[in-house]
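Worksheet for the structure shown next.
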2 protein chains.
Amino acid sequence: MTNDPIRVLSTRPLDGVPGHEGSEACSVDNPASRVIRELLARVGDKWSMLVIGVLHDGPLRFTELQRKIDGISHRMLTQTLRSLERDGLVTRTSYPEIPPRVEYAATALGRSLSEPVIELARWASAHHSEILDAREAFDDQHEASATLR
Amino acid sequence: MTNDPIRVLSTRPLDGVPGHEGSEACSVDNPASRVIRELLARVGDKWSMLVIGVLHDGPLRFTELQRKIDGISHRMLTQTLRSLERDGLVTRTSYPEIPPRVEYAATALGRSLSEPVIELARWASAHHSEILDAREAFDDQHEASATLR
DNA sequence: CCGGATCCGGCCGGATACTG
DNA sequence: CAGTATCCGGCCGGATCCGG
């Protein structure tokens with residue numbers, strides 16, 4: 001059993017805060033929250049989005065993926081691929097040759113996911129500098145520690 | 001100093017895999033990868049997206065946020081808000097009253113982020129059942145352990 | 001009401017070794 | 001080449017106490 005990480009998600013309790021019958025709408029069941037949580041559980045990990053992104057250009061073998069992604073360990077690549085396969089986002093086809101060859105490809109579902117992901121990436125690259133500026137300004141203003149001692 | 005989590009990101013080395021002059025494009029500097037990494041570092045954590053989402057509807061006070069998000073601890077809300085403020089995604093305005101009152105609001109930048117996030121959420125909610133089905137099928141087929149012993 | 005500080009458990013994820 | 005299993009450090013994040 002690979003009872004390690006990425007065994008993941010979704011089967012979370014998400015219990016409905018009993019004890020509070022609630023004065024107003026209590027937003028636990030707010031669909032947006034639930035969806036975002038599940039989303040994060042699925043692609044919020046360190047590598048899933050990258051794999052999805054890389055596979056968008058076409059099928060790749062295990063080792064090719066590992067070289068493309070650079071920084072991912074053997075172990076995490078295996079696990080990430082497994083969980084993506086489980087969720088129907090990639091397919092795994094192994095050719096019984098010597099040496100063995102295994103190809104991973106994005107499914108239609110996987111490719112459909114990469115579109116909004118690319119949207120997000122576009123946002124990030126468009127506003128990257130703004131964020132850096134804001135961060136610098138914030139850090140400047142909070143050098144209170146220096147002025148203090 | 002709050003040298004705890006979310007001190008985050010971005011200043012990652014991302015060294016260019018020296019040693020391989022590379023036969024083809026080696027994709028480390030693939031802009032997509034870099035951008036996605038930074039993106040995850042920023043909003044891939046457990047709460048940032050939720051805060052952004054909740055604040056999209058209008059400013060809220062600290063305690064209101066905590067009730068809205070439900071499940072977030074006092075500590076993580078503070079930290080998340082801090083990092084979002086630092087990156088220019090939310091503003092913090094404190095009214096010097098007794099008792100103190102502090103309001104958090106999304107900036108224009110923050111609201112612009114919530115759009116692609118909502119796109120993603122839309123995808124998730126649209127394909128949620130497909131994922132569950134795929135997962136179930138996968139798990140069925142992998143009850144090999146049961147048939148084995 | 002707001003938020004910082006400390007303690008601490010749990011999981012994420014890297015390194016490594018071993019199998020086919 | 002592809003995949004599994006084990007060990008282990010580090011950070012995420014919850015509980016709690018304290019201070020403004």
Side-chain angles (χ1 to χ4, degrees), chain A residues 1-9 11-13 15 37 40-51 59-67 69-86 90 92-104 142 144-145 148, chain B residues 1-9 12-13 37 40-51 59-67 69-86 90 92-104 142 144-145 148:
Chain A
M1 274 281 196
T2 332
N3 67 347
D4 225 338
I6 309 197
R7 40 133 168 243
V8 263
L9 47 110
T11 334
R12 302 291 297 284
D15 45 8
R37 271 178 220 250
L40 284 174
R42 204 152 289 118
V43 298
D45 64 288
K46 202 172 174 185
W47 304 108
S48 291
M49 279 213 228
L50 290 173
V51 172
L60 288 173
R61 304 181 51 171
F62 186 88
T63 317
E64 291 172 333
L65 275 169
Q66 193 169 19
R67 274 194 302 101
I69 293 185
D70 159 80
I72 194 170
S73 68
H74 192 126
R75 180 173 169 271
M76 287 319 292
L77 181 54
T78 303
Q79 285 188 1
T80 303
L81 287 169
R82 280 298 238 226
S83 93
L84 292 176
E85 185 193 358
R86 187 167 103 106
V90 310
R92 186 192 107 107
T93 35
S94 87
Y95 301 88
E97 308 171 354
I98 300 256
R101 185 163 63 94
V102 179
E103 281 207 341
Y104 293 91
H142 286 246
S145 48
L148 188 29
Chain B
M1 273 284 194
T2 333
N3 66 348
D4 227 335
I6 310 199
R7 38 119 172 258
V8 265
L9 49 109
R12 302 292 296 285
R37 272 177 218 251
L40 284 174
R42 203 153 289 118
V43 299
D45 64 286
K46 203 172 173 184
W47 304 108
S48 291
M49 279 212 230
L50 289 173
V51 172
L60 288 173
R61 306 182 51 171
F62 186 89
T63 316
E64 291 172 333
L65 276 169
Q66 194 170 18
R67 273 194 301 102
I69 293 186
D70 159 79
I72 194 169
S73 68
H74 192 127
R75 179 172 169 270
M76 288 318 294
L77 181 54
T78 304
Q79 286 188 0
T80 303
L81 286 169
R82 278 299 237 228
S83 92
L84 291 175
E85 185 193 0
R86 186 167 105 106
V90 310
R92 186 192 107 108
T93 35
S94 86
Y95 302 88
E97 308 173 354
I98 300 258
R101 185 163 64 93
V102 180
E103 281 207 341
Y104 294 91
H142 286 247
S145 49
L148 188 30

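In what follows, chains carry the letters A, B, and so on, assigned in the order in which the sequence lines appear, proteins first and then strands, with residues in each chain numbered from 1.
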Inset, instruction - Identify whether any heavy atom of A/Y95 sits under 4.0 Å from a base atom; if not, whether one sits that close to sugar-phosphate; answer base, sugar-phosphate or nothing. - result: nothing
Inset, instruction - Would you kindly give the CE-to-P distance between B/M76 and C/dG4, to the nearest whole Å? - result: 13 Å
Inset, instruction - Please determine, for the side chain of B/T78, which listed nucleotide (D/dG20, C/dG4, C/dG14) has the closest atom? - result: C/dG4
Inset, instruction - Establish, with yes or no, whether the OP1 or OP2 oxygen of D/dA2 is under 4.0 angstrom from a side-chain nitrogen or oxygen of A/R101. - result: no
Legend entry - Selection from D/dG20, D/dG14, C/dG14 that lies nearest to any side-chain heavy atom of B/W47: D/dG14
Inset, instruction - For B/L77 and C/dC1, give me the distance from atom CG to atom P, rounded to whole Å. - result: 14 Å
Inset, instruction - Look at the side chain of B/D45 and decide which nucleotide, out of D/dG13, D/dA2, D/dT6, has an atom nearest to it. - result: D/dG13
Legend entry - Side chain of B/R75 (C-beta onward), nearest among D/dA2, C/dT6, C/dG14: C/dT6
Legend entry - Length of the NE2-C1' vector between B/H74 and C/dT6, whole Å: 14 Å
Legend entry - C/dG4 OP1/OP2 closer than 4.0 Å to side-chain N/O of B/R82: yes
Inset, instruction - Kindly write out the residues that satisfy side-chain contact (heavy atoms from CB on, under 4.5 Å) with B/V51, not counting sequence neighbours, or none if the list is empty. - result: B/L55, B/I69, B/L77, B/T80, B/L81, B/L84
Legend entry - For atom NE2 of B/H142 and atom P of D/dT4, their distance in whole Å: 10 Å
Legend entry - Per A/K46 side chain, nearest of listed nucleotides D/dA2, C/dG14, D/dG13: C/dG14
Legend entry - Sub-4.5 Å side-chain heavy-atom contact between A/L50 and A/W47: yes
Legend entry - Test item: A/S48 side-chain N/O and A/G44 main-chain N/O as donor-acceptor pair under 3.5 Å: no
Inset, instruction - Take the protein atom CZ of A/F62 and the nucleotide atom P of C/dG20, then report the distance between them rounded to whole Å. - result: 18 Å
Legend entry - A/P99 side chain, from C-beta outward: closest of D/dG14, D/dC1, D/dA2: D/dC1
Inset, instruction - Kindly write out the residues that satisfy salt bridge (Lys or Arg N to Asp or Glu O under 4.0 Å) with B/R101, not counting sequence neighbours, or none if the list is empty. - result: B/E97, B/E103
